[in-house]
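Taking it in order: structure first as structure tokens, then the write-up.
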Amino acid sequence: MYINMDIIKITLIGGQGKDGSKENVDRFDLKMGDIVSIVGPTGCGKTTLINDIELFANRNTPSERQILINNEPVPENFTFDPSKHPIALISQHTNFLSDLPVGEFLTIHAKVRGSTEIGNVVNETIEFANKLTGEAIIKETAMTELSGGQTRSLLIADAVVIGNSPIILLDEIENAGIHKTKALELLKQYEKIFVFVTHDPSIALLSDFRIIMKAGAMQKIITTNAEERLASDELRKMDDILIHFRTLIRAGEVISESVLKESFETQTQ
Amino acid sequence: MKLVIFAGPPTCGKTTVIRQVIKRIIVKNLKPSFVKIDVLYADEDEAINKEFGIPAKKIYSGELCPDHCNVVVLDEVVEWAEQKGSDYLFVETAGLCLRCSPYVEKSLGIVVLEATSGMNLPRKIGPMLTLADISVITKIDLISQAEREVFRYRVLEAAKSITIVESNALYGIGIDPIVKKILKTEDVEFPMFLRGNPPVGTCTICVGKKEIGAKNHFGVLRTMEKELFYIGE
């Protein structure tokens, strides 16, 4: 039996932390269009939380959490129609293994997803990916020859465009050499639920709210307020400065005091 | 007693899945036992016996094809587990040539496939997949969403009514639905029969005799304890 439904919201119902004690956070909703970050020190259970979402946990994982779709638990022996699978997970370990050319590979995925305009979605996916990465991806390149940044960009673009999954989980993508603030701006245009596991303050503050994790349990949820939005603008400027220096260093420039001064002035204006 | 047969290419994570299953069976106060059929080397029986204190055993097929070995010794293996008072017998097979299927009727057949083996694997393995009841897909955290979707699609393409369980078995994720199916399995019954025919060949198993047990076959054989011997003209 295939489940086929339009997702309006998902609900996370708290379970227990690593020591078996009840989580502080009881229950909260994620609605279409929400961007949420999961933050906390390494080993605090961030990845476990997105795994629970990914598997639509029904009190059957070590955390005992439950995920509801449109207020209903997902039946045990559910199978989603493979062409309409609602969740895409991109983790820090995720990779492409296929050595097919990019275009051909995306075509296979688009077919499985039941796309009717295969050529268009394939091109749109590559264009989207190229907005996120410094070095353009060429359709004829083998998947396994892509750089780390190109791979991450294509993983995201594929999940958003071809997969068109309503829920996209991104596990620590900030270290992957993609333009993260740009990525968030682009992603905001799509009405989806994006969940970021992140150590990055910019990504956390650009989210609508963030879940604070500790010892395997959800401690609290903080909604990004107006003051924090201003802080995120400042952080973005710092990011831009860093990106600017990265560009200079990559181009073989020597960073003199005058270059330093000039960069700060132009970037913070 | 219920019989559960696990098959799958080497290093796909069969033992990890079985460990997680055994853990959950023991908690329910049920008695499992474990048998590993392998070609040259196996130490899972000792590891599982040490970890869970349950009856465990290994059988080396040696010169014999491991799936053929399974056919000629499985009846004795089931008797052994029944004598040990087991409620559940988990048999892990080596399944090397990917053309055989070790599952018997009135048992639960579980094929374990690793997502990292490439999108074409479900098209390559035949009856080991198509005759199974459950396909457990392991190592799902390592591959792209796109390849995972193609993999899942191709498993269903090969085996329409199979139950797919995606699992990150190391962390015990996705094991409970497997245990549910195991609990619902019907009791194994003698005489046992293979579900499918092995590929065409020259021995009695290869030509299509599906009866389980060395006594039903001739040619090069073995029993659970006795090394290879020959019965025939």
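What you see is a predicted model, and the numbers here were worked out from it, not measured in a lab. Just so we're on the same page: letters track the sequence lines, and every chain starts at 1.
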- Task: Can you see which heavy atom on B:E147 is nearest to which on A:F96, and at what distance?
- Result: OE1-CA, 3.2 Å
- Pair A:I108-B:R154, side chain to side chain contact (heavy atoms under 4.5 Å, CB included): steps then yes or no: CA-CA 11 Å; A:I108 292 176; B:R154 288 184 176 168; 3.8 Å; yes
- Contacting region of B:T116 [heavy-atom separation from chain A under 4.5 Å]: both
- Task: Applying side-chain contact (heavy atoms from CB on, under 4.5 Å), name anything that partners B:F190, two or more places apart in sequence or on another chain.
- Result: B:D75, B:V78, B:E79, B:E82, B:M192
- Item | Atom NZ of B:K31 with >12 non-hydrogen neighbours under 6.0 angstrom | no
- Query: Can you tell if the side chain of B:Q145 reaches within under 4.5 Å of the side chain of A:L155, non-hydrogen atoms only?
  - Reply: no
- Query: So, do A:V112 and B:R152 sit near enough that their side-chain heavy atoms are less than 4.5 Å apart?
  - Reply: no
- Item | Separation between CG of A:L97 and OG of B:S144, rounded to the nearest 0.5 Å | 7.0 Å
- Value for OG (A:S98) from CE (B:M119), rounded to nearest 0.5 Å, stands at 4.0 Å
- Message: So for A:L100, is it side chain, backbone, both, or neither that comes closer than 4.5 Å to the heavy atoms of chain B?
- Response: side chain
- Message: Is A:A88 in contact with chain B via its backbone, its side chain, both, or neither, using a 4.5 Å heavy-atom distance?
- Response: both
- Query: With a cut-off of 6.0 Å (strictly less than), are more than 12 heavy atoms of other residues, nucleotides or ligands near NZ of B:K57?
  - Reply: yes
- So, do A:N95 and B:I143 sit near enough that their side-chain heavy atoms are less than 4.5 Å apart? no
- NZ/B:K210: more than 12 non-hydrogen atoms of other groups inside 6.0 Å: yes
- Which atoms of B:E157 approach chain A - backbone, side chain, both or neither, heavy atom under 4.5 Å: neither
- Just wondering, more than 12 heavy atoms not from A:I138 lying within 6.0 Å of its CD1? no
- Nearest-0.5 Å distance that lies between atom OH in B:Y153 and atom NZ in A:K111: 10.0 Å
- Task: Could you have a look at A:D52, A:T48, A:I87 and say which one has the most heavy-atom pairs with chain B under 4.5 angstrom?
- Result: A:I87
- Salt-bridge contact B:R148-A:E54 (side-chain N to carboxylate O under 4.0 Å): yes
